[in-house]
Amino acid sequence: MSKRILIIEDEKNLARFVSLELQHEGYEVTVEHNGRSGLETALEKDFDLILLDLMLPEMDGFEVTRRLQQEKTTHIIMMTARDSVMDIVAGLDRGADGYIIKPFAIEELLARVRSVFRRQDIFENKVTSTKGDVTYRDLKLDAQNRSVLRGDTLIPLTKREYDLLSTLMNNMNRVMTREELLAQVWKYDEAVETNVVDVYIRYLRGKIDISGRESYIQTVRGMGYVIRES
């Protein structure tokens, strides 16, 4: 069965062009031109992927992503002319799977779409196992509940922050490069701005570290990040 893609894009010429190219590739495509109607369609129907503009009338792409992720796990690629790291992080933090900067070559967009579907197929066709609980100093990672405790205190983390901490804790004493973290946490297999990792490490430290004490996550200059057992 054909993969179903929803395009939410207010530039009608761009939306039509992308839609025609995707249909030519064999995908089933639906188009919406504002954030509110796009969100309604995404909630009412099931899609394999959403191509989402950030600057939309009635409701921006950040809010569409936030609301959608409360009810569904649909994969999202942001299409944006805003290329600052903070804008990209904001979209990823709300649940987007990737992004592409406008203007883009249609071949690049098609490659990213194929990449998302390839990862979907790999995930659906393999048996996955949940890693067990991990403890480091006074931090405890509860894999089943996807939660983190420092002593008896629950530390609220976003999905990305939890996945990043889990990856580092499950690779104790091993220096993880930014590229490795992008591949394992964000599942990217194309070149992506590695500063995204640095921003998330800063977020994570701000939540788990205690003022005046050594950070749980160590920076290895020129290489990456590591959690080392004492």
**Asked** Can you find a heavy atom in the side chain of Ile76 that is under 4.5 Å from one in the side chain of Leu49?
**Response** no
**Prompt:** Does one hydrophobic cluster hold both Val113 and Leu6, with members joined at side-chain heavy-atom distances below 4.5 Å?
**Reply:** no
**Item:** Chi angles and distances behind the side-chain contact (heavy atoms from CB on, under 4.5 Å) call for Glu214, Arg137
**Value:** CA-CA 11 Å; Glu214 182 183 32; Arg137 285 163 45 183; 4.1 Å; yes
**Message:** Under a 3.5 Å distance rule, please check whether Glu11 uses its side chain to pair with a backbone N or O of Asn13 as donor and acceptor.
**Reply:** no
**Request:** Mind running salt bridge (charged side-chain N to carboxylate O under 4.0 Å, His left out) on Lys159 and Asp163 for me, showing each step along the way?
**Result:** CA-CA 6 Å; Lys159 178 183 181 299; Asp163 289 343; 3.0 Å; yes
**Transitive ILVMFWY side-chain link Tyr27 to Phe104, under 4.5 Å** = yes
**Asked** Which distance, rounded to the nearest 0.5 Å, do you find between the CG of Asp138 and the OG1 of Thr153?
**Response** 9.0 Å
**Request:** Write out all pairs satisfying salt bridge (Lys or Arg N to Asp or Glu O under 4.0 Å) with one or both partners inside residues 50-63, taking only residues at least two apart or from two chains.
**Result:** Arg36-Glu58, Asp53-Lys102, Glu63-Arg66, Glu63-Arg67
**Message:** On a heavy-atom basis, which atom in Asp133 and which in Lys140 lie closest, and how many Å separate them?
**Reply:** OD2-CE, 3.9 Å
**Item:** Closest contact, heavy atoms only, Asp48 versus Thr74
**Value:** C-CG2, 4.3 Å
**Item:** Within 6.0 Å of CG in Asn145, more than 12 heavy atoms from elsewhere
**Value:** yes
**Derivation of the side-chain contact (heavy atoms from CB on, under 4.5 Å) call for Arg174 and Glu180** = CA-CA 11 Å; Arg174 175 174 172 240; Glu180 287 177 313; 2.5 Å; yes
**Message:** Measuring from atom CD of Glu32 to atom CD1 of Ile50, what distance do you get when rounded to the nearest 0.5 angstrom?
**Reply:** 10.5 Å
**Prompt:** Can you name the ring pair (Phe, Tyr, Trp, His ring centres under 6.0 Å) partners of Tyr216, sequence neighbours left out?
**Reply:** none
**Fill in**
Residue set satisfying salt bridge (Lys or Arg N to Asp or Glu O under 4.0 Å) with Arg16, at least two apart, ordered chain then number -> none
**Asked** Do Leu52 and Val64 have side chains that get closer than 4.5 Å, going by heavy atoms?
**Response** yes
**Request:** Mind checking the CD-OG spacing from Gln184 to Ser166? Nearest 0.5 Å is all I need.
**Result:** 10.0 Å
**Message:** Could you report the tightest heavy-atom contact between Leu164 and Val185, atom names first, then the distance?
**Reply:** CA-CG2, 3.8 Å
**Asked** If you round to the nearest 0.5 Å, how far is CD1 of Ile8 from OG1 of Thr30?
**Response** 10.5 Å
**Request:** Decide yes or no for Val134 and Met172: does some side-chain heavy atom of the first lie under 4.5 Å from some side-chain heavy atom of the second?
**Result:** yes
**Item:** Test side chain to side chain contact (heavy atoms under 4.5 Å, CB included) applied to Ile227 and Leu165, Thr167, Leu139, the passing residue
**Value:** Leu165
**Request:** Using the test side chain to side chain contact (heavy atoms under 4.5 Å, CB included), find all partners of Lys207 that sit at least two apart in sequence or belong to another chain.
**Result:** Ile155, Leu157, Thr158, Glu161
**Prompt:** Would you call Leu181 and Thr177 a side-chain contact if the rule is heavy atoms closer than 4.5 Å?
**Reply:** no
**Polar side chain donor-acceptor pair, Tyr225 to Asp198, under 3.5 angstrom** = yes
**Request:** Give the minimum heavy-atom separation between Tyr136 and Arg228, together with the two atoms involved.
**Result:** OH-O, 2.7 Å
**Prompt:** Does one side chain, of Asn34 or Ser37, offer a donor that lies under 3.5 Å from an acceptor on the other?
**Reply:** yes
**Asked** So do Asp10 and Met55 actually touch side chain to side chain, heavy atoms under 4.5 Å?
**Response** no
**Prompt:** Can you tell if the side chain of Met176 reaches within under 4.5 Å of the side chain of Val226, non-hydrogen atoms only?
**Reply:** no
**Request:** Consider only side-chain heavy atoms of I, L, V, M, F, W and Y, link residues closer than 4.5 Å, and tell whether Val31 and Ile77 are in one cluster.
**Result:** yes
**Separation between NE2 of His75 and CZ of Phe47, rounded to the nearest 0.5 Å** = 15.0 Å
**Prompt:** Of all residues at least two apart in sequence or in a different chain, which pass the salt bridge (Lys or Arg N to Asp or Glu O under 4.0 Å) check with Asp46?
**Reply:** Lys72
**Item:** Heavy-atom check, side chain of Ile208 versus side chain of Ile217, under 4.5 Å
**Value:** yes
**Item:** Point-to-point distance, once rounded to the nearest 0.5 Å, from CD1 of Ile7 to NE2 of His33
**Value:** 9.0 Å
**Request:** Answer yes or no: is there a side-chain heavy-atom contact under 4.5 Å between Glu71 and Leu43?
**Result:** yes
**Complete:** All heavy atoms of Ser147 vs all of Leu154, minimum pair found to be CB-CD1, 3.8 Å
**Message:** For Leu54, give me all partners under side chain to side chain contact (heavy atoms under 4.5 Å, CB included), at least two apart in sequence or on another chain.
**Reply:** Phe62, Met78, Thr80
**Request:** Evaluate side-chain contact (heavy atoms from CB on, under 4.5 Å) for Phe117 paired with Ile5, printing each intermediate quantity in order.
**Result:** CA-CA 11 Å; Phe117 290 148; Ile5 299 176; 4.0 Å; yes
**Asked** Step by step, would you call Ile106 with Phe17 a side-chain contact (heavy atoms from CB on, under 4.5 Å)?
**Response** CA-CA 9 Å; Ile106 190 62; Phe17 171 67; 4.0 Å; yes
**Request:** Determine whether the side chains of Gln69 and Thr65 contain a donor N or O and an acceptor N or O closer than 3.5 Å.
**Result:** no
**Request:** Inspect the contact between Asp142 and Arg146 and indicate whether a charged nitrogen and a carboxylate oxygen are less than 4.0 angstrom apart.
**Result:** no
**Complete:** Taking every heavy atom of Leu68 against every heavy atom of Ala42, the minimum-distance pair comes out as CD1-CB, 3.9 Å
